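What follows is a short report on a single structure.
Since this is a predicted model, take the numbers as computed values, not measurements.
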Amino acid sequence: MAVDWAEQIKKFAPDADDEAAAGIIRHCGISLQKADTSLVSFGDKSETVRIRDGFLKKKLGRTEDDETLDAAIRDVGDKMKGTSRRQRPTVYYLLADHFGQLDLFKKAK
């Protein structure tokens, strides 16, 4: 069964930018090939560290302190409460949107 990654993004961000969503899905790449790596567990501290250090700091270049970044991750987790399958592209989209950095995932014109 093929997963429509953009479908869940649209569920949480109805006005999602299709080009930015596609860029984030491309960025996730190989992590989307396995169910366990395509999903985010907000209750797992190592997952929070992975998202904070690998995505927010490395990819988005965020320089805020860890608590501020962790708070943004918690906010996204709260927004997605009640959803059993929290897909990585949706989490990353919502975080990039939170920090106003969706343009990083659009192709240069």
(Q) Quick test of your reading of the model: are Asp66 and Lys57 salt-bridged, counting only N-O distances below 4.0 Å? (A) yes
Q: Starting at CD1 of Ile25, measure out to CZ of Phe105 and round the result to the nearest 0.5 Å.
A: 11.5 Å
Q: Drop me the distance from Thr90's OG1 to Lys11's NZ, to the nearest 0.5 angstrom.
A: 9.0 Å
Q) How long is the span from the CD1 atom in Ile30 to the OG atom in Ser38, to the nearest 0.5 Å? A) 12.5 Å
Q: Give a yes-or-no answer on whether the side chains of Arg85 and Gln8 include a donor-acceptor pair shorter than 3.5 Å.
A: no
Q. At their closest point, which heavy atom of Ser31 faces which heavy atom of Cys28, and how far apart are they?
A. OG-O, 2.7 Å
Q | From CD1 (Ile24) to CD1 (Ile9), nearest 0.5 Å | A | 6.0 Å
Q. Can we say Asp18 and Lys106 salt-bridge, meaning some charged N sits less than 4.0 Å from an Asp/Glu carboxylate O?
A. no
Q: Measure the spacing between CZ of Arg88 and CG of Leu39 and express it to the nearest 0.5 Å.
A: 8.0 Å
Q. What are the two closest heavy atoms between Ala16 and Tyr93, and how far apart are they?
A. CA-OH, 3.1 Å
Q: Can you see which heavy atom on Ala96 is nearest to which on Leu60, and at what distance?
A: CA-CD1, 4.1 Å
(Q) Taking atom NZ as the centre, does Lys10 end up with more than 12 heavy-atom neighbours from other residues, nucleotides or ligands that are less than 6.0 angstrom away? (A) yes
Q. Are Leu104 and Leu94 in one and the same hydrophobic cluster, where Ile, Leu, Val, Met, Phe, Trp and Tyr link if side-chain heavy atoms are under 4.5 Å apart?
A. yes
Q) Under the side chain to side chain contact (heavy atoms under 4.5 Å, CB included) criterion, do Arg50 and Phe55 qualify, and how do the steps go? A) CA-CA 7 Å; Arg50 186 177 306 112; Phe55 184 70; over 6 Å; no
Q.
Applying side chain to side chain contact (heavy atoms under 4.5 Å, CB included) to Lys79 and Arg86, what does each step give before you reach the verdict?
A. CA-CA 10 Å; Lys79 193 178 284 188; Arg86 296 175 193 105; over 6 Å; no
Q | Verdict with supporting geometry, Phe12 and Gln87, side chain to side chain contact (heavy atoms under 4.5 Å, CB included) | A | CA-CA 11 Å; Phe12 289 96; Gln87 298 169 349; over 6 Å; no
Please set out all donor-acceptor pairs under 3.5 angstrom arising from side-chain atoms of residues 68-76, sequence neighbours excluded.
| unit_1 | atom_1 | unit_2 | atom_2 | d |
| --- | --- | --- | --- | --- |
| Thr68 | OG1 | Asp65 | OD1 | 3.2 |
| Thr68 | OG1 | Asp65 | OD2 | 3.1 |
| Asp70 | OD1 | Arg52 | NH1 | 3.0 |
| Asp70 | OD2 | Arg52 | NH1 | 3.1 |
| Arg74 | NH2 | Glu67 | OE2 | 2.6 |

Q | Atom pair CZ (Phe42) and OG1 (Thr83), whose distance is rounded to the nearest 0.5 Å | A | 9.5 Å
**Q.** Pair Arg62-Gln101, side chain to side chain contact (heavy atoms under 4.5 Å, CB included): steps then yes or no
**A.** CA-CA 10 Å; Arg62 304 309 306 174; Gln101 292 186 272; 2.9 Å; yes
